[in-house]
There are 2 protein chains.
Amino acid sequence: MKLAYLAKIPQAQAALRATGERVTEPRVAVLATLLSSDHAMSHLDVAAMVAKHHTIDRVTVYRVLDWLVGVSIAHRIAGDDRVWRFMLNPQASAQGAGKKTAHHAPSHAHAHFTCNTCGQTFCLDKVQPKMNVKLPTGFRTTEVDLKIRGLCAECK
Amino acid sequence: MKLAYLAKIPQAQAALRATGERVTEPRVAVLATLLSSDHAMSHLDVAAMVAKHHTIDRVTVYRVLDWLVGVSIAHRIAGDDRVWRFMLNPQASAQGAGKKTAHHAPSHAHAHFTCNTCGQTFCLDKVQPKMNVKLPTGFRTTEVDLKIRGLCAECK
DNA sequence: AACCTTTTTGCGACTCAATTGCATCTACGA
DNA sequence: TCGTAGATGCAATTGAGTCGCAAAAAGGTT
(Lines give C-alpha, C1' and ligand atoms only; values in the text may rest on other atoms or scores of the structure.)
Protein backbone atom coordinates (compact mmCIF):
# COMPACT_ATOMS: atom_id res chain seq x y z
CA MET A 1 0.00 0.00 0.00
CA LYS A 2 2.93 2.26 0.73
CA LEU A 3 4.48 1.56 -2.65
CA ALA A 4 1.62 3.11 -4.50
CA TYR A 5 3.36 6.43 -4.05
CA LEU A 6 4.59 6.80 -7.61
CA ALA A 7 1.22 5.83 -9.00
CA LYS A 8 -0.42 8.63 -7.06
CA ILE A 9 1.66 11.39 -8.55
CA PRO A 10 -0.56 12.15 -11.53
CA GLN A 11 -3.60 12.22 -9.29
CA ALA A 12 -1.80 14.57 -6.93
CA GLN A 13 -0.84 16.88 -9.75
CA ALA A 14 -4.39 16.97 -11.03
CA ALA A 15 -5.80 17.78 -7.61
CA LEU A 16 -3.28 20.54 -7.13
CA ARG A 17 -3.94 22.02 -10.53
CA ALA A 18 -7.62 22.08 -9.69
CA THR A 19 -6.98 24.42 -6.82
CA GLY A 20 -5.66 27.11 -9.13
CA GLU A 21 -2.61 27.50 -6.92
CA ARG A 22 0.95 26.71 -7.87
CA VAL A 23 1.88 23.13 -8.51
CA THR A 24 5.33 22.55 -7.05
CA GLU A 25 7.42 19.46 -6.51
CA PRO A 26 7.09 19.50 -2.71
CA ARG A 27 3.33 19.87 -2.96
CA VAL A 28 3.02 17.01 -5.40
CA ALA A 29 5.29 14.81 -3.30
CA VAL A 30 3.48 15.48 -0.05
CA LEU A 31 0.05 15.09 -1.53
CA ALA A 32 1.00 11.87 -3.32
CA THR A 33 2.27 10.58 0.00
CA LEU A 34 -0.99 11.32 1.73
CA LEU A 35 -2.89 9.78 -1.16
CA SER A 36 -0.92 6.58 -0.75
CA SER A 37 -1.75 6.20 2.92
CA ASP A 38 -4.87 4.78 4.50
CA HIS A 39 -4.20 6.32 7.86
CA ALA A 40 -3.27 9.71 9.27
CA MET A 41 0.41 10.62 9.00
CA SER A 42 2.54 12.81 11.19
CA HIS A 43 4.89 15.38 9.73
CA LEU A 44 7.70 12.93 10.41
CA ASP A 45 5.94 10.09 8.61
CA VAL A 46 5.40 12.28 5.59
CA ALA A 47 8.92 13.66 5.59
CA ALA A 48 10.42 10.17 5.79
CA MET A 49 8.28 8.93 2.94
CA VAL A 50 9.00 11.94 0.79
CA ALA A 51 12.72 11.61 1.44
CA LYS A 52 12.78 8.31 -0.41
CA HIS A 53 12.19 10.09 -3.69
CA HIS A 54 13.07 13.74 -3.13
CA THR A 55 15.24 16.06 -1.12
CA ILE A 56 12.82 18.40 0.52
CA ASP A 57 13.40 20.47 3.63
CA ARG A 58 11.56 19.66 6.84
CA VAL A 59 10.21 23.16 7.03
CA THR A 60 8.81 22.92 3.55
CA VAL A 61 6.96 19.76 4.49
CA TYR A 62 5.45 21.59 7.45
CA ARG A 63 4.42 24.43 5.23
CA VAL A 64 2.96 22.22 2.53
CA LEU A 65 0.94 20.29 5.06
CA ASP A 66 -0.45 23.49 6.51
CA TRP A 67 -1.19 24.72 3.02
CA LEU A 68 -3.05 21.52 2.15
CA VAL A 69 -5.19 22.07 5.22
CA GLY A 70 -5.76 25.68 4.17
CA VAL A 71 -7.07 24.72 0.75
CA SER A 72 -9.30 22.02 2.23
CA ILE A 73 -7.51 19.10 0.69
CA ALA A 74 -6.44 17.72 4.05
CA HIS A 75 -7.22 18.14 7.71
CA ARG A 76 -5.14 17.86 10.83
CA ILE A 77 -5.79 15.77 13.89
CA ALA A 78 -4.33 16.52 17.31
CA GLY A 79 -2.73 13.38 18.67
CA ASP A 80 -2.30 12.37 22.29
CA ASP A 81 1.44 12.73 21.82
CA ARG A 82 1.29 16.44 20.97
CA VAL A 83 1.94 15.65 17.33
CA TRP A 84 -0.29 16.70 14.48
CA ARG A 85 -1.36 14.05 12.06
CA PHE A 86 -2.67 14.76 8.60
CA MET A 87 -5.18 13.03 6.43
CA LEU A 88 -6.95 13.79 3.20
CA ASN A 89 -10.49 15.03 3.31
CA PRO A 90 -13.02 12.47 2.15
CA GLN A 91 -13.63 13.75 -1.37
CA ALA A 92 -10.28 15.40 -1.90
CA SER A 93 -8.91 12.53 -3.93
CA ALA A 94 -11.83 12.50 -6.32
CA GLN A 95 -12.70 16.09 -7.09
CA GLY A 96 -10.39 18.99 -6.66
CA ALA A 97 -11.72 20.18 -3.32
CA GLY A 98 -12.80 23.76 -2.81
CA LYS A 99 -10.85 26.96 -3.08
CA LYS A 100 -9.01 28.62 -0.25
CA THR A 101 -12.31 29.64 1.35
CA ALA A 102 -12.33 26.55 3.52
CA HIS A 103 -12.58 27.02 7.29
CA HIS A 104 -15.32 24.46 7.62
CA ALA A 105 -18.76 24.27 6.25
CA PRO A 106 -21.49 24.72 8.84
CA SER A 107 -20.78 22.33 11.68
CA HIS A 108 -18.07 20.34 10.03
CA ALA A 109 -17.78 17.04 11.86
CA HIS A 110 -15.15 14.34 11.96
CA ALA A 111 -14.62 11.06 13.68
CA HIS A 112 -11.25 9.40 14.16
CA PHE A 113 -10.05 6.19 15.66
CA THR A 114 -6.66 5.84 17.30
CA CYS A 115 -5.28 2.45 18.25
CA ASN A 116 -3.77 2.38 21.73
CA THR A 117 -1.27 -0.25 20.69
CA CYS A 118 0.06 0.57 17.24
CA GLY A 119 -0.78 4.25 17.50
CA GLN A 120 -2.27 4.48 14.03
CA THR A 121 -5.08 6.90 13.49
CA PHE A 122 -7.84 6.24 11.00
CA CYS A 123 -10.60 8.43 9.72
CA LEU A 124 -14.10 7.12 10.21
CA ASP A 125 -16.03 8.68 7.38
CA LYS A 126 -18.99 6.47 8.07
CA VAL A 127 -19.58 7.54 11.63
CA GLN A 128 -21.62 10.68 11.96
CA PRO A 129 -21.27 11.91 15.50
CA LYS A 130 -24.84 13.22 15.61
CA MET A 131 -25.00 13.20 19.36
CA ASN A 132 -27.68 14.81 21.42
CA VAL A 133 -25.56 17.70 22.54
CA LYS A 134 -27.18 20.14 24.89
CA LEU A 135 -24.73 22.95 25.27
CA PRO A 136 -25.21 25.49 28.04
CA THR A 137 -27.27 28.42 26.81
CA GLY A 138 -25.37 30.92 24.75
CA PHE A 139 -22.88 28.43 23.41
CA ARG A 140 -22.66 27.93 19.68
CA THR A 141 -21.04 25.03 17.87
CA THR A 142 -18.90 25.44 14.79
CA GLU A 143 -17.03 22.20 14.74
CA VAL A 144 -17.21 18.75 16.25
CA ASP A 145 -14.43 16.25 16.63
CA LEU A 146 -15.00 12.75 17.84
CA LYS A 147 -11.99 10.74 18.86
CA ILE A 148 -12.32 7.09 19.67
CA ARG A 149 -9.51 5.13 21.22
CA GLY A 150 -9.23 1.40 21.44
CA LEU A 151 -7.73 -1.53 19.61
CA CYS A 152 -7.68 -1.80 15.85
CA ALA A 153 -8.35 -5.00 13.96
CA GLU A 154 -4.68 -5.89 13.67
CA CYS A 155 -3.70 -5.28 17.27
CA LYS A 156 -6.66 -6.85 18.95
CA MET B 1 -14.07 32.03 41.70
CA LYS B 2 -10.33 32.14 41.48
CA LEU B 3 -10.06 33.37 45.03
CA ALA B 4 -11.60 30.26 46.42
CA TYR B 5 -8.18 28.68 46.34
CA LEU B 6 -7.50 28.82 50.05
CA ALA B 7 -10.92 27.49 50.83
CA LYS B 8 -10.25 24.43 48.71
CA ILE B 9 -7.17 23.33 50.58
CA PRO B 10 -8.90 21.15 53.17
CA GLN B 11 -10.92 19.50 50.47
CA ALA B 12 -7.77 18.88 48.47
CA GLN B 13 -6.03 17.37 51.45
CA ALA B 14 -8.95 15.08 52.14
CA ALA B 15 -9.11 13.89 48.54
CA LEU B 16 -5.39 13.20 48.53
CA ARG B 17 -5.50 11.35 51.80
CA ALA B 18 -8.26 9.19 50.37
CA THR B 19 -5.93 7.93 47.67
CA GLY B 20 -3.62 6.36 50.21
CA GLU B 21 -0.67 8.05 48.53
CA ARG B 22 1.53 10.73 50.01
CA VAL B 23 0.01 14.08 50.81
CA THR B 24 2.59 16.70 49.92
CA GLU B 25 2.50 20.45 49.67
CA PRO B 26 2.78 20.54 45.88
CA ARG B 27 0.00 18.02 45.50
CA VAL B 28 -2.29 19.92 47.81
CA ALA B 29 -1.54 23.20 46.08
CA VAL B 30 -2.09 21.87 42.58
CA LEU B 31 -5.25 20.03 43.47
CA ALA B 32 -6.68 23.01 45.34
CA THR B 33 -5.98 25.07 42.25
CA LEU B 34 -7.86 22.70 40.01
CA LEU B 35 -10.68 22.57 42.53
CA SER B 36 -11.00 26.33 42.39
CA SER B 37 -11.37 26.44 38.61
CA ASP B 38 -14.44 25.86 36.50
CA HIS B 39 -12.51 25.29 33.31
CA ALA B 40 -9.54 23.25 32.15
CA MET B 41 -6.15 24.70 33.07
CA SER B 42 -2.85 24.41 31.30
CA HIS B 43 0.31 23.64 33.20
CA LEU B 44 1.17 27.31 32.94
CA ASP B 45 -2.17 28.38 34.36
CA VAL B 46 -1.72 26.05 37.30
CA ALA B 47 1.89 27.03 37.91
CA ALA B 48 1.01 30.73 37.89
CA MET B 49 -1.83 30.20 40.33
CA VAL B 50 0.25 28.03 42.62
CA ALA B 51 3.08 30.56 42.58
CA LYS B 52 0.88 33.09 44.39
CA HIS B 53 1.02 31.01 47.53
CA HIS B 54 3.98 28.68 47.20
CA THR B 55 7.38 28.28 45.63
CA ILE B 56 7.11 25.11 43.65
CA ASP B 57 9.23 24.07 40.71
CA ARG B 58 7.69 23.93 37.25
CA VAL B 59 8.77 20.34 36.84
CA THR B 60 7.05 19.39 40.05
CA VAL B 61 3.85 20.90 38.78
CA TYR B 62 4.17 18.81 35.64
CA ARG B 63 4.75 15.72 37.70
CA VAL B 64 1.91 16.39 40.08
CA LEU B 65 -0.50 16.96 37.20
CA ASP B 66 0.54 13.69 35.61
CA TRP B 67 0.19 12.00 38.93
CA LEU B 68 -3.31 13.35 39.43
CA VAL B 69 -4.22 11.90 36.07
CA GLY B 70 -2.67 8.59 37.05
CA VAL B 71 -4.75 8.29 40.20
CA SER B 72 -7.91 9.25 38.32
CA ILE B 73 -8.48 12.52 40.10
CA ALA B 74 -8.00 14.54 36.94
CA HIS B 75 -7.84 14.04 33.22
CA ARG B 76 -5.89 15.76 30.51
CA ILE B 77 -7.21 17.27 27.32
CA ALA B 78 -5.11 17.78 24.21
CA GLY B 79 -5.53 21.34 23.04
CA ASP B 80 -5.23 22.62 19.50
CA ASP B 81 -2.16 24.56 20.60
CA ARG B 82 -0.24 21.44 21.59
CA VAL B 83 -0.70 22.28 25.23
CA TRP B 84 -2.21 19.90 27.73
CA ARG B 85 -5.03 21.16 29.82
CA PHE B 86 -6.14 19.53 33.03
CA MET B 87 -9.46 19.23 34.70
CA LEU B 88 -10.87 17.31 37.61
CA ASN B 89 -12.88 14.22 36.95
CA PRO B 90 -16.59 14.65 37.66
CA GLN B 91 -16.78 12.98 41.06
CA ALA B 92 -13.23 13.58 42.13
CA SER B 93 -14.14 16.53 44.29
CA ALA B 94 -16.78 14.60 46.19
CA GLN B 95 -15.43 11.14 46.84
CA GLY B 96 -11.82 10.18 46.85
CA ALA B 97 -11.73 8.69 43.36
CA GLY B 98 -10.34 5.24 42.74
CA LYS B 99 -6.92 3.84 43.40
CA LYS B 100 -4.10 3.88 40.91
CA THR B 101 -5.84 1.19 38.88
CA ALA B 102 -7.48 3.81 36.74
CA HIS B 103 -6.94 3.61 33.00
CA HIS B 104 -10.59 4.04 32.27
CA ALA B 105 -13.61 2.12 33.19
CA PRO B 106 -15.32 0.37 30.28
CA SER B 107 -15.86 2.95 27.58
CA HIS B 108 -15.09 6.04 29.53
CA ALA B 109 -16.48 9.01 27.62
CA HIS B 110 -15.89 12.72 27.81
CA ALA B 111 -17.11 15.80 26.06
CA HIS B 112 -15.33 19.12 26.05
CA PHE B 113 -16.07 22.50 24.63
CA THR B 114 -13.35 24.89 23.52
CA CYS B 115 -14.13 28.49 22.67
CA ASN B 116 -12.47 29.66 19.48
CA THR B 117 -12.21 33.19 20.80
CA CYS B 118 -11.18 33.10 24.44
CA GLY B 119 -9.62 29.66 24.19
CA GLN B 120 -11.15 28.37 27.40
CA THR B 121 -12.04 24.73 27.59
CA PHE B 122 -14.97 23.47 29.58
CA CYS B 123 -16.05 20.00 30.50
CA LEU B 124 -19.54 19.05 29.43
CA ASP B 125 -20.55 16.46 31.96
CA LYS B 126 -24.11 16.56 30.78
CA VAL B 127 -23.47 15.59 27.21
CA GLN B 128 -23.25 11.87 26.67
CA PRO B 129 -21.76 11.30 23.22
CA LYS B 130 -23.84 8.19 22.63
CA MET B 131 -23.38 8.27 18.89
CA ASN B 132 -24.24 5.50 16.52
CA VAL B 133 -20.68 4.40 15.97
CA LYS B 134 -20.17 1.56 13.57
CA LEU B 135 -16.51 0.74 13.75
CA PRO B 136 -14.96 -1.50 11.12
CA THR B 137 -15.06 -5.15 12.21
CA GLY B 138 -12.37 -6.10 14.67
CA PHE B 139 -12.10 -2.67 16.22
CA ARG B 140 -12.80 -2.29 19.89
CA THR B 141 -13.53 0.94 21.74
CA THR B 142 -12.07 1.75 25.13
CA GLU B 143 -12.49 5.47 25.24
CA VAL B 144 -14.43 8.22 23.52
CA ASP B 145 -13.58 11.89 23.42
CA LEU B 146 -15.88 14.45 21.97
CA LYS B 147 -14.47 17.87 21.33
CA ILE B 148 -16.76 20.68 20.35
CA ARG B 149 -15.43 24.00 19.17
CA GLY B 150 -17.40 27.18 18.86
CA LEU B 151 -18.24 30.31 20.79
CA CYS B 152 -18.90 30.32 24.49
CA ALA B 153 -21.63 32.38 26.12
CA GLU B 154 -19.29 35.24 26.99
CA CYS B 155 -17.62 35.56 23.59
CA LYS B 156 -20.65 35.19 21.41
C1' DA C 1 12.00 31.95 -25.69
C1' DA C 2 13.51 35.38 -22.58
C1' DC C 3 11.37 38.34 -18.85
C1' DC C 4 8.94 39.81 -14.65
C1' DT C 5 6.36 39.43 -10.57
C1' DT C 6 4.65 36.75 -7.02
C1' DT C 7 5.11 32.63 -4.34
C1' DT C 8 7.78 29.00 -2.53
C1' DT C 9 11.70 26.94 -0.90
C1' DG C 10 15.94 26.13 1.84
C1' DC C 11 18.61 27.11 5.65
C1' DG C 12 19.79 28.58 10.15
C1' DA C 13 18.39 30.08 14.28
C1' DC C 14 14.85 30.05 17.51
C1' DT C 15 10.62 29.06 20.66
C1' DC C 16 8.55 26.68 24.08
C1' DA C 17 6.02 22.76 26.24
C1' DA C 18 7.43 18.87 28.18
C1' DT C 19 10.97 15.31 29.81
C1' DT C 20 15.07 13.29 31.96
C1' DG C 21 18.95 12.45 35.27
C1' DC C 22 20.52 12.94 39.52
C1' DA C 23 21.38 14.59 44.09
C1' DT C 24 18.71 16.06 47.96
C1' DC C 25 14.84 16.12 50.79
C1' DT C 26 10.56 14.46 53.14
C1' DA C 27 6.15 11.98 54.30
C1' DC C 28 4.89 8.58 57.06
C1' DG C 29 5.01 3.79 58.81
C1' DA C 30 7.79 1.04 62.01
C1' DT D 1 12.94 9.10 66.59
C1' DC D 2 14.57 6.72 62.63
C1' DG D 3 14.82 4.58 58.01
C1' DT D 4 13.45 4.41 53.50
C1' DA D 5 10.50 4.49 49.52
C1' DG D 6 8.95 8.01 47.15
C1' DA D 7 8.81 13.17 45.98
C1' DT D 8 11.11 17.41 44.87
C1' DG D 9 14.41 20.91 42.87
C1' DC D 10 17.63 22.14 39.53
C1' DA D 11 20.05 22.00 35.25
C1' DA D 12 20.33 20.20 31.00
C1' DT D 13 17.93 18.11 27.09
C1' DT D 14 14.43 16.78 23.76
C1' DG D 15 11.60 17.51 19.91
C1' DA D 16 7.70 19.46 17.36
C1' DG D 17 6.84 23.34 15.26
C1' DT D 18 7.96 28.45 13.79
C1' DC D 19 10.37 32.67 11.97
C1' DG D 20 13.25 35.70 8.98
C1' DC D 21 15.44 36.25 5.03
C1' DA D 22 17.92 35.47 0.75
C1' DA D 23 17.84 32.50 -3.23
C1' DA D 24 15.08 29.83 -6.39
C1' DA D 25 11.09 28.55 -9.04
C1' DA D 26 6.08 28.92 -11.15
C1' DG D 27 3.36 30.66 -14.36
C1' DG D 28 1.50 34.62 -16.78
C1' DT D 29 3.08 38.26 -20.18
C1' DT D 30 5.36 40.09 -24.03
Side-chain angles (χ1 to χ4, degrees), chain A residues 12-31 33 40-51 53-71 73-74 76-86 99-100 119 121, chain B residues 9 12-31 33 40-51 53-71 73-86 99-100 119 121:
Chain A
Q13 290 173 322
L16 290 174
R17 224 172 287 119
T19 66
E21 304 274 320
R22 292 195 182 176
V23 178
T24 66
E25 186 192 334
R27 288 180 180 174
V28 173
V30 170
L31 180 50
T33 298
M41 299 178 82
S42 68
H43 156 78
L44 206 66
D45 296 334
V46 174
M49 188 74 190
V50 163
H53 304 272
H54 310 264
T55 303
I56 295 177
D57 194 77
R58 309 180 315 110
V59 177
T60 300
V61 174
Y62 276 118
R63 287 194 277 227
V64 169
L65 287 169
D66 287 348
W67 179 84
L68 287 172
V69 172
V71 297
I73 289 180
R76 52 163 66 188
I77 308 160
D80 291 341
D81 51 2
R82 312 197 326 125
V83 173
W84 291 112
R85 277 161 224 281
F86 297 84
K99 289 281 287 185
K100 198 178 257 174
T121 296
Chain B
I9 289 185
Q13 291 174 321
L16 290 173
R17 225 172 285 123
T19 66
E21 304 275 320
R22 291 198 183 174
V23 179
T24 66
E25 187 191 335
R27 289 181 179 172
V28 172
V30 170
L31 180 51
T33 298
M41 301 179 83
S42 68
H43 160 265
L44 206 67
D45 295 334
V46 174
M49 186 73 190
V50 162
H53 305 273
H54 310 265
T55 303
I56 295 177
D57 194 77
R58 298 175 26 252
V59 177
T60 301
V61 174
Y62 276 118
R63 287 194 276 229
V64 169
L65 287 169
D66 287 348
W67 179 84
L68 287 172
V69 172
V71 297
I73 288 180
H75 62 279
R76 51 161 68 185
I77 307 161
D80 290 342
D81 51 0
R82 313 197 327 122
V83 172
W84 292 114
R85 277 159 225 282
F86 296 83
K99 288 283 285 185
K100 198 180 256 171
T121 296

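Model, not experiment: these values are computed from the prediction. Every chain is numbered from 1, with letters handed out A, B, ... down the list of sequences. For the numbers below, each heavy atom of this structure counts, side chains included, while hydrogens, waters and symmetry mates do not.
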- Query: So which one's nearest nucleotide on DNA chain C is more toward 5', B:D81 or A:V64?
  - Reply: A:V64
- Query: Is the side chain of A:R85 donor-acceptor paired with the backbone N or O of A:I77 at a distance under 3.5 Å, no angle test?
  - Reply: no
- Task: Determine the minimum heavy-atom distance between B:V46 and B:M41, stating which atoms define it.
- Result: CG2-CB, 3.8 Å
- Note on the structure: In B:I56, B:V50, B:T24, the residue satisfying side-chain contact (heavy atoms from CB on, under 4.5 Å) with B:V30 is B:V50
- Over how many whole Å does the gap from A:Y62 atom OH to C:dC11 atom P extend? 16 Å
- Item | A:W84, nearest nucleotide to its side chain (from C:dT9, D:dA16, D:dG17) | D:dG17
- Query: Could you give the CZ-to-C1' distance, from B:R76 to C:dA17, as a whole number of Å?
  - Reply: 12 Å
- Quick note, A:R27 side chain, CB onward, closest among C:dT19, C:dT8, D:dT18 is C:dT8
- Message: Has B:R58 got a side-chain atom pairing as donor or acceptor with B:A47's backbone, closer than 3.5 angstrom?
- Response: no
- Query: In B/S/- notation, 5' to 3', how is nucleotides 23-30 of chain C contacted by protein heavy atoms closer than 4.0 Å?
  - Reply: ---BBS--
- Query: When the distance from CZ of A:R82 to P of C:dT15 is rounded to whole Å, what number comes out?
  - Reply: 17 Å
- Atom-pair distance (CG on A:D45; C1' on D:dA16), nearest Å: 13 Å
- Query: So how far is it from B:T60 OG1 to B:H54 NE2, rounded to the nearest 0.5 Å?
  - Reply: 13.0 Å
- Task: Going 5' to 3' through nucleotides 9-14 of chain D, assign each nucleotide B (protein heavy atom under 4.0 Å from a base atom), S (under 4.0 Å only from sugar-phosphate atoms) or - (no protein heavy atom that close).
- Result: BBB---
- Item | Lys/Arg N to Asp/Glu carboxylate O, A:R76 vs A:D66, below 4.0 Å | yes
